[in-house]
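A short write-up of the structure that comes next.
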Protein chains: 2
Amino acid sequence: MPTYKAPVDDALFLLKDVFHIERYGNLPGFADATPDLIEAVLREAAKLSEDVLTPLNRVGDTEGCTRHPDGSVTTPKGFKEAFKQVVEGGWIGISVPEEFGGQGLPATLTETVNEFLCSANMAFAMYPGLTQGAIAAMLVHASQELKAKYLPKMVAGTWTGTMNLTEPHCGTDLGLLRAKAVKQSDGSYKISGTKIFISAGEHDMSENIIHLVLARIEGAPMGTKGISLFVVPKIMVGDDGSLGARNGVSCGSLEEKMGIHGNSTCVMNYDGATGWLIGEENRGLNAMFVMMNEARLGVGIQGLAQSEVAYQNAVIYTKERLQGRAITGAKYPDKAADPIIVHPDVRRTLMTIKAFNEAARALVIWAGLKSDVAHRSGDDKERQSADDVLGLLTPVIKGVLTDLGFANTVSAQQLWGGHGYIAENGMEQFVRDARIAQIYEGANGIQALDLVGRKLGKDGGRALMAFLGELGAFVKEKSADEKMKPFVTPLGVAAGHLQQASMWFMQNAMAKPDNTGAGATDYMHLFGLVALGFMWCRIVEASLEKLPGANGQAAFYNAKLTTARFFMDRMLPETATRLARIQAGSASTMELPDEAF
Amino acid sequence: MPTYKAPVDDALFLLKDVFHIERYGNLPGFADATPDLIEAVLREAAKLSEDVLTPLNRVGDTEGCTRHPDGSVTTPKGFKEAFKQVVEGGWIGISVPEEFGGQGLPATLTETVNEFLCSANMAFAMYPGLTQGAIAAMLVHASQELKAKYLPKMVAGTWTGTMNLTEPHCGTDLGLLRAKAVKQSDGSYKISGTKIFISAGEHDMSENIIHLVLARIEGAPMGTKGISLFVVPKIMVGDDGSLGARNGVSCGSLEEKMGIHGNSTCVMNYDGATGWLIGEENRGLNAMFVMMNEARLGVGIQGLAQSEVAYQNAVIYTKERLQGRAITGAKYPDKAADPIIVHPDVRRTLMTIKAFNEAARALVIWAGLKSDVAHRSGDDKERQSADDVLGLLTPVIKGVLTDLGFANTVSAQQLWGGHGYIAENGMEQFVRDARIAQIYEGANGIQALDLVGRKLGKDGGRALMAFLGELGAFVKEKSADEKMKPFVTPLGVAAGHLQQASMWFMQNAMAKPDNTGAGATDYMHLFGLVALGFMWCRIVEASLEKLPGANGQAAFYNAKLTTARFFMDRMLPETATRLARIQAGSASTMELPDEAF
């Protein structure tokens, strides 16, 4: 049975020593986030994750969800009780404004807590996670009346949320959407249509479920410019907040999936269900994007989270499993054989995952802070600049953290040999669960296109310049430091590759637009490597600062330096290959006629 | 429901036009393998795979195997009848010498047939596949008496075979093996112990099951030098070949696994079971290696096979699924949207898989021919040289074809978006099934160590010199050809990287043995890329020869040229990163103390 220990100390090191969260004290909510409070919150989240959610992870996988003939859905044994603890702990609303019952703490903190919850039990964590996404969309775009009616209960977790985009024939291309909305005389709408892949669409853990639904108002234009967003409660809510009759929405069936069996993935049927418009007519995608951007960061975190828990269980096994002797001579001569962690190829695997996890965690926190600044700063320019960088980082975090996170679950499983393929050991569940994160919330190919097709060129490339500017200034400053130089020098080379690739797109995309698409995924991964490399340099900077007075903690900081070195030695050089692929252009990619496939 | 069409034409092109199988006419069995016969065999194998085995693939996955209280095992519905067809078609013995009931045809042909069977139904194909492996080991090492008793029935498929190496506490390190053998006065042995992960260990498809079992004879030395190999039938066999009493071997339980549910993975209990020695006492590993090398090629083929079938189903979906418009303007303006195959990132994914599949198929056939020469040639030097190259190619084919094969099943699933995550569409089964191929028959890290630790340095590096010699001569000769130059030039660069990496190991492994282990996996993949690149150049050579008179077939050869170009543009450049990683050495990989993980 897999175990999990939340990396609280690593998160605290990042928040305090690497990113100096205290420097953001002027942002609303940050003053309350004292070092003591942050630590208390994380330790409490760790306890919930380790003691309550981890033991339910395999239960959820083997039991799955069950739909009954009346359309109701039962979640796996223990999920309901665990959700009650999430609700009682106030976990859903820790970063939601206090006026809606939240605690108003930094969003960064929610991201870190969510990593723990997702490591412990990804299928479970999706229920509160989707609720947070729905809250975020409503906060920005819903009317004051809708907010007052729904948000307090959602923040409390008494009600949960969902997002309804996909239909059988359309996912990526929402312009093809068919669900329709007919305006009623009272200002509400009747929503009809079928939505698929609706996570947490129906379950037994909350009193009500609040669906955010994309649909086309009768007479609206075709394509994406005729889509509106609606809030559709499962059970009608009276003006006093009391629950009334069932609305015309129900779960038609559950999907049988490769993983995340503990989460109910529903086909939702809307049969003239009553809904209310969120935001403006025909501007639904805009409103949904708030939720989607939030969700994309959340999904990136799932990639990291599965990588982390798979790593932890691989470490345990490689220290226990005795097989062969170290090539340099027995390391544990008193045992029948050495534990396999002595072997260089095993250690290479562990180091690769470790070097990803720790930098990815930093990247998530960095992006979280950008998000907090973008949403809370009083300075327009500061807000704009943070939002620019966040816009770049969102597809990178979603795409790269889930691609590498998945690859790492596979590597961790590999270290278990044949035992990793056996269901009861739990390693293969991490692989199956992690796999979805590459697919949903915009498949990773779409993330890459969002990055190169929308984010790169926007506002004359202002965002990329901001990112490279911040990174370049850091490299320049630290190059003068002998101890930092071995780390920032390769980062400078990699950033140069990113710059060359960006330039190549600028010069070659106009004449041949396919060049962008053909290089998009490589560009996203090149960007991800540079971003992770930047994070390692920030971690090294903090570690070097802390080392002189570290005493008992020196091993922690020294391990950071070694892991950073491994990243620079072994992982960052891949940027050269990514660049070469991009510069190869699209000719051989696009040349074959369709029938040659 | 996934479909499958065996790539008969591609295999015929490789056998005839690329590798000129007719030039091997002097080898025993090859004279019978006329072009017509080869085509007939492959078309028949295609029919079996497409019509009989493909429809059973999902049945096998959902139903799995069932163990009954008496230890017997029932295979999924339809498997028994399908196996009867395999038996009746004589498929198990097509390359086995005629004296044991086989057809004596080239082993190369068996490899190609096995690709088809594995694409159609990997879990099923393991039953005949393991039988072939057991036959191979017995052919080389068993006494004439044992051969006469067992082989004809195994070749006919009336009895099947297994290999029993792994025990709960040991897999890779067979030196820790505990199963024991006690010699009896009649020359037989009593075998006792527990073996795990025994594929096809018990089932209902054959009259008897012939287990090849590693065990330690009482009093034998500890470690790998005290291990012997035994044949242990499930049911005792009389001198006249008649079946007698049950032997003391039984299936204790079935493993619940991530995939290949249709194959019974057994815990086998040996309780004083009667067995007979194969080969010499304490030389069991030697004998087992014949089976293992055979099996490793077979497992590499599984990687290719899953990649191929996943690709085919991804192609179908990307031509059907309408979503978005080509960036260069609508390609199918009469449809609501373009099929997603128009998008460069989708096409990049398909091209990557296609460029692997076709070169991997060539590599398997090339290795198959090396194997045929190594086993059948009358010329000592020729046999030796073929065996040398085969020794290098075996871990590369096992490791690289299963790593990339798995990655390709994941990419193919990705093209299906959310629908790829749904069980009934079958794409996720390819991923789960392909996953085992990286693990069993020596996890891929072990393959890499076999390559760099054993094969590279053996006989003063003679094998590598033979491989690079053959490749180098080809590059040199073809560089003068303007049409070949764009292909052999990048191959020459990549081969240079391989040479530099090999040299680096020679210069740096003695002083620091961990350098070899730390770079092993990268070296294996670097080798794989070079080998696949070599195959592409061979394919290009044949395509250029055929093109002038190709007429209606020109599209086939032109597609080869484009796909080769894609490989050179996009896939081969990775050798640079692999080399950089190797040359980074083991310092940062090995520096952390165990407790830092």
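Side chains are part of it too, since the values below use all heavy atoms of this structure and drop only hydrogens, waters and symmetry mates.
The most heavy-atom pairs under 4.5 Å with chain B, out of Y421(A), F566(A), F556(A), come from Y421(A). Note: M590(B) leads E424(B), M590(B), K331(B) in heavy-atom pairs under 4.5 Å with chain A. Heavy-atom pairs under 4.5 Å with chain B were tallied for I436(A), L449(A), N515(A); the largest tally goes to I436(A). Note on A520(B), G175(B), G259(B): by heavy-atom pairs under 4.5 Å with chain A, the leading option is G259(B). Interface summary for chain B: among A443(A), P573(A), C170(A), the most heavy-atom pairs under 4.5 angstrom belong to C170(A). With chain A as partner, the option from Q583(B), R432(B), E595(B), R348(B) having the largest number of non-hydrogen pairs under 4.5 angstrom is R348(B). Per-residue counts of heavy-atom pairs under 4.5 Å with chain A were compared for A580(B), G171(B), A576(B); the largest is that of G171(B). Each of A587(B), A337(B), G519(B), A518(B) has some count of heavy-atom pairs under 4.5 Å with chain A, and the biggest count is that of A518(B). The candidate with the highest count of non-hydrogen atom pairs below 4.5 Å against chain B, out of H343(A), M222(A), E255(A), is E255(A). Residue with the most contacts toward chain B among M571(A), E428(A), Q323(A): Q323(A) (heavy-atom pairs, distance under 4.5 Å). The candidate from V315(A), T318(A), T562(A) with the greatest count of non-hydrogen atom pairs under 4.5 Å with chain B is T562(A). Ranking D345(B), L350(B), I196(B) against chain A, the residue ahead of the rest is D345(B), based on heavy-atom pairs under 4.5 Å.
Side-chain contact of N425(B) with H419(B): a donor-acceptor pair under 3.5 Å is absent, judged by distance alone. Between the side chains of K354(A) and T563(A), not a single donor N or O lies within less than 3.5 Å of an accepting N or O. Q438(B) and N444(B) form no side-chain donor-acceptor contact under 3.5 Å, judged by distance and modelled atom types alone.
For F597(B), the parts sitting under 4.5 Å from any heavy atom of chain A are the backbone and the side chain alike. Contacts between Q413(B) and chain A at a heavy-atom distance below 4.5 Å involve backbone atoms as well as side-chain atoms. With a threshold of 4.5 angstrom between heavy atoms, F567(A) does not approach chain B through any atom at all. Both the backbone and the side chain of V410(A) come within less than 4.5 Å of a heavy atom of chain B. Contact annotation for Y311(B): only side-chain heavy atoms (C-beta onward) come within less than 4.5 Å of a heavy atom of chain A. With a 4.5 angstrom heavy-atom cutoff, A336(A) touches chain B via backbone and side-chain atoms both. Looking at P339(A), neither its backbone nor its side chain comes within 4.5 Å of chain B, counting heavy atoms on both sides. Heavy-atom distances place both the backbone and the side chain of K257(B) under 4.5 Å from chain A. Contacts of Y440(A) with chain B are absent, with no heavy-atom separation under 4.5 Å from either backbone or side chain. Interface remark: L322(B) contributes backbone atoms only to the contact with chain A (heavy atom separation under 4.5 Å). Proximity to chain A (any heavy atom under 4.5 Å) is restricted, for F406(B), to the side chain, taken from C-beta onward. No part of A555(B) comes within reach of chain A, as not one of its non-hydrogen atoms sits under 4.5 angstrom from that chain.
Residues meeting the salt bridge (charged side-chain N to carboxylate O under 4.0 Å, His left out) test with R565(B), sequence neighbours left out: E591(A).
Atom CG of D403(A) sits about 10.0 Å away from atom CD of Q447(A), to the nearest 0.5 Å. Of the inter-residue distances, the one linking I198(A) atom CD1 with T166(A) atom OG1 reads 6.0 Å to the nearest 0.5 angstrom. Between T349(B) atom OG1 and I341(B) atom CD1 the span is 11.0 Å, to the nearest 0.5 Å.
Taking a cutoff of 4.0 Å between a charged side-chain nitrogen and a carboxylate oxygen, R325(B) and D338(B) qualify as a salt bridge. Of the charged side-chain nitrogens involved, at least one lies within less than 4.0 Å of a carboxylate oxygen, so that K195(A) and E167(A) count as a salt-bridged pair. Using a cut-off of 4.0 Å between Lys/Arg side-chain N and Asp/Glu carboxylate O, D594(A) and R347(B) are scored as salt-bridged.
Using a 4.5 Å cut-off on side-chain heavy atoms (C-beta onward), W416(B) and I422(B) make no contact. When side chains are defined from C-beta on, I439(B) counts as touching R435(B), because their heavy atoms get closer than 4.5 Å.
Residue pairs meeting the salt bridge (Lys or Arg N to Asp or Glu O under 4.0 Å) criterion with at least one partner in residues 514-524 of chain B, sequence neighbours excluded, are R570(A)-D522(B), D522(B)-R578(B), D522(B)-R581(B).
The closest donor-acceptor contact from the side chain of H169(A) to the backbone of L176(A) lies under 3.5 Å.
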